[in-house]
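All remarks here apply to the structure that follows.
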Amino acid sequence: MRKEPNSLRSIILTGLFAAIIYLGIFILRIPIPALVGRPFIHFGNTLAALAILFLGFRNGALAGIIGLGGFDILNGYAATSWLTMLEVLVVAVVIEGIYRVFHYQDSKKYIIMIAIAAGATKIVTSYCVSIVEALMVGTAFKTALVASFLSLPATVINSISTAICVPILYFLAKKIFTAAHFMN
C-alpha cells in the first residue's frame, strides 16, 4: 500500500481509513472540561497514526485530514478545523520521518517508538493549537500560555492511548491485511 499510493487499493483504503477515523471520534468521545477549547478523549489520533503507517505519508495524512478535519467541520469545530488538519500533517511528518530512519522496518520496538513519538508530538501540537485558539478569541498571550497548559489533560490521555493502542492495533491489522492480501 505504501509503495503504490495511486493504486485503486490504496485509494479505497485511504477512504476507508478516513471513515474509520471519523467514526473513531464520533462514536466514542468523552468530553473533558478545559479552560481553552472543548477537548475530548477519542481514538482519532490513534487511527490516524495507523493510517500513516499503513498507507504512507501522503495517503495516511490525507485520511487523517479527512477524518479528523471532517469531524471538526461537521461537529461544531469548523473555525479551528484548519488547526486540526495542520496537526495531522505535523504528526504525519514525524511518523514518516522516524519510520524512514528505521528503514521502514516494523519490528515491535520500532513501532512502539513511533507510537510514543506520535503521542508526544500530539501533546506539543495540541498545546500550540490551544494557544492559537485562545488568541483567536482575544485572550492575552501570557494567559493563553497558562490556560492552554491547563487544558492538556485530554490530550495527554489521548497521547497515552495512542502510544499503547498503535502497536497493538498495528500488528493486529497487519495480520488481517496480510490474510486479506491487502499488503504486498
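Note that the coordinates shown come from a computational prediction; the quantities given were computed from them, not determined experimentally.
- Within the 4.5 Å cutoff, the side chain of Met113 has no heavy atoms near those of the Ile98 side chain.
- Phe71 and Arg29 make their closest contact through CZ-NH1, 2.5 Å (heavy atoms, listed as atom of the first residue, atom of the second, distance).
- By the rule that hydrophobic residues join a cluster once side-chain heavy atoms approach within less than 4.5 Å of another member, Ile20 and Leu169 end up as members of one cluster.
- Contact of the Thr80 side chain with the Met136 side chain is registered, since non-hydrogen atoms from C-beta on lie closer than 4.5 Å.
- Among all heavy-atom pairs drawn from Ile164 and Pro167, the shortest one is O-CD, 3.4 Å.
- One N or O on the side chain of Thr125 and one on the backbone of Lys122 form a donor-acceptor pair closer than 3.5 Å.
- Scanning for side chain to side chain donor-acceptor pair (under 3.5 Å) contacts around Ser159 gives an empty result, with sequence neighbours left out.
- Taking 4.5 Å as the limit, some side-chain heavy atom of Asn6 sits within range of a side-chain heavy atom of Arg58.
- Shown here are the ring-ring contact (aromatic ring centres under 6.0 Å, His included) partners of Tyr104, two or more places apart in sequence or in another chain: Tyr99.
- Atom CZ of Phe149 has 12 or fewer neighbouring heavy atoms from other residues, nucleotides or ligands inside a 6.0 Å radius.
- With Ser148 contributing its side chain and Leu145 its backbone, the two residues share no donor-acceptor pair below 3.5 Å.
- In terms of heavy atoms, Thr121 sits closest to Val91 at CG2-CG2, 4.0 Å.
- The minimum heavy-atom distance linking Ser10 with Leu55 is given by the pair O-CD2, 4.5 Å.
- Each of Ile116 and Val90 belongs to its own hydrophobic cluster when Ile, Leu, Val, Met, Phe, Trp and Tyr are linked at side-chain heavy-atom distances under 4.5 angstrom.
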Worksheet item: Is there a side-chain contact (heavy atoms from CB on, under 4.5 Å) between Ile73 and Tyr77 once you walk through the steps?
Response: CA-CA 6 Å; Ile73 290 169; Tyr77 300 90; over 6 Å; no
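- In this structure Phe102 satisfies the ring-ring contact (aromatic ring centres under 6.0 Å, His included) test together with Tyr110, sequence neighbours excluded.
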Practice prompt. Decide yes or no on side-chain contact (heavy atoms from CB on, under 4.5 Å) for Leu83 and Glu133, but give the supporting numbers first.
Written response: CA-CA 9 Å; Leu83 293 167; Glu133 287 176 352; 4.0 Å; yes
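- Ile95 and Leu62 end up in different hydrophobic clusters when Ile, Leu, Val, Met, Phe, Trp and Tyr side chains are linked at under 4.5 Å.
- The nearest pair of heavy atoms linking Gly69 to Met85 is CA-CE, 3.8 Å.
- Put simply, Ile66 and Ile21 are part of two different groups of oily side chains (I, L, V, M, F, W, Y) that touch within less than 4.5 Å, one to the next.
- Under the 4.5 Å side-chain contact rule for hydrophobic residues, Val166 and Phe57 share a cluster.
- Tyr170 and Phe54 have parallel rings, their planes meeting at less than 30° on a 0 to 90° scale where 60° marks the start of perpendicular.
- Cluster partners of Ile12, using a side-chain heavy-atom cutoff of under 4.5 Å among ILVMFWY residues and allowing indirect links, are Leu8.
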Item to complete: Would you sort out whether Thr14 and Asn59 count as a side-chain hydrogen bond (donor to acceptor under 3.5 Å, both in side chains), showing the intermediate values?
Response: CA-CA 6 Å; Thr14 300; Asn59 290 14; 3.3 Å; yes
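- With a 6.0 Å radius and a threshold of 12 heavy atoms from other residues, nucleotides or ligands, Phe26 has its CZ atom at or below the threshold.
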Report, one line per pair, each donor and acceptor closer than 3.5 Å where one atom sits in a side chain of residues 42-51; sequence neighbours left out.
| unit_1 | atom_1 | unit_2 | atom_2 | d |
| --- | --- | --- | --- | --- |
| His42 | ND1 | Gly44 | N | 2.9 |
| Thr46 | OG1 | Thr162 | OG1 | 3.2 |

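- Residues passing the side chain to side chain donor-acceptor pair (under 3.5 Å) test with Tyr22 are Asn75, sequence neighbours excluded.
- At a threshold of 4.5 Å between non-hydrogen side-chain atoms, the residues Val156 and Asn158 do not count as touching.
- Proximity of Leu86 to Trp82: side-chain heavy atoms (C-beta onward) are separated by under 4.5 Å at one or more points.
- Thr139 places no side-chain N or O within 3.5 Å of a backbone atom of Leu135 that could act as its donor or acceptor partner.
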Fill in: side-chain contact (heavy atoms from CB on, under 4.5 Å) assessment of Val146 paired with Thr143
CA-CA 5 Å; Val146 173; Thr143 305; over 6 Å; no
Worksheet item: Ile114 and Leu53: side-chain contact (heavy atoms from CB on, under 4.5 Å), yes or no, with the steps?
Response: CA-CA 9 Å; Ile114 289 169; Leu53 287 170; 4.0 Å; yes
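- Taking the charged nitrogens against the carboxylate oxygens, Glu4 and Arg9 have no contact shorter than 4.0 Å, which rules out a salt bridge.
- Annotation: side chain of Ile168 is not in contact with side chain of Leu172 (no heavy-atom distance under 4.5 Å).
- Here the closest heavy-atom approach between residue Asp72 and residue Ser81 is recorded as CB-CB, 3.6 Å.
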